[in-house]
Amino acid sequence: MDPFSSPPPSGSGLGVSNEVMMGQVKQQLAQAYAEEFFGTVRDKCFSKCVTKPSSSLSGGESSCISRCVERYIEATGIISRAVISSLPR
């Protein structure tokens with residue numbers, strides 16, 4: 001019998017509650033979102049601000065990257081709040 005087709009016998013200790021499973025899924029999704037978000041920010045801001053890659057950033061490049069990241073985070077927050085406020089309650 002397939003182990004996924006029926007619940008484990010009671011008292012076996014192998015069962016995972018739906019709440020625990022949902023918590024794990026939410027945590028994995030949050031981690032994946034954060035990795036994608038920072039990867040996107042890194043790529044976009046680097047390509048916008050660094051014209052000549054070298055072993056270090058110039059002052060202007062560093063300032064540009066800082067402003068770019070701040071704007072990207074702010075814009076993402078605004079969009080997230082707008083989406084959340086439009087959801088039915």
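Note that this is a predicted model, so its numbers are computed, not measured.
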Spatial distance of atom [atom1] ([X]) from atom [atom2] ([Y]) [nearest 0.5 Å]:
| X | Y | atom1 | atom2 | answer |
| --- | --- | --- | --- | --- |
| R81 | T76 | CZ | OG1 | 10.0 Å |
| E74 | R67 | CD | CZ | 14.0 Å |
| L29 | M22 | CG | CE | 8.5 Å |

Worksheet item: Just checking, any donor-acceptor pair under 3.5 angstrom between side chains of Q24 and Q28?
Response: no

Worksheet item: So which heavy atom on C45 is nearest to which on I65, and how close?
Response: O-CG1, 4.2 Å

Item to complete: Mind running side-chain hydrogen bond (donor to acceptor under 3.5 Å, both in side chains) on Q27 and Q31 for me, showing each step along the way?
Response: CA-CA 6 Å; Q27 184 179 10; Q31 182 177 354; 5.9 Å; no

Discussion item. Could you see if Y72 belongs to whatever hydrophobic cluster contains Y33? Use Ile, Leu, Val, Met, Phe, Trp, Tyr and a side-chain cutoff under 4.5 Å.
Written reply: yes

Give the table of side-chain donor-acceptor pairs shorter than 3.5 Å for residues 50-61, with sequence neighbours excluded, one pair per line with atom names and distance.
from	atom 1	to	atom 2	distance (Å)
S54	OG	S56	O	2.8
S58	OG	E61	N	3.1
S58	OG	E61	OE1	3.4
E61	OE1	S58	N	2.9

Item to complete: Would you kindly say whether the two SG atoms, from C64 and from C49, are closer than 2.5 Å?
Response: yes

Worksheet item: So do F37 and V41 actually touch side chain to side chain, heavy atoms under 4.5 Å?
Response: yes

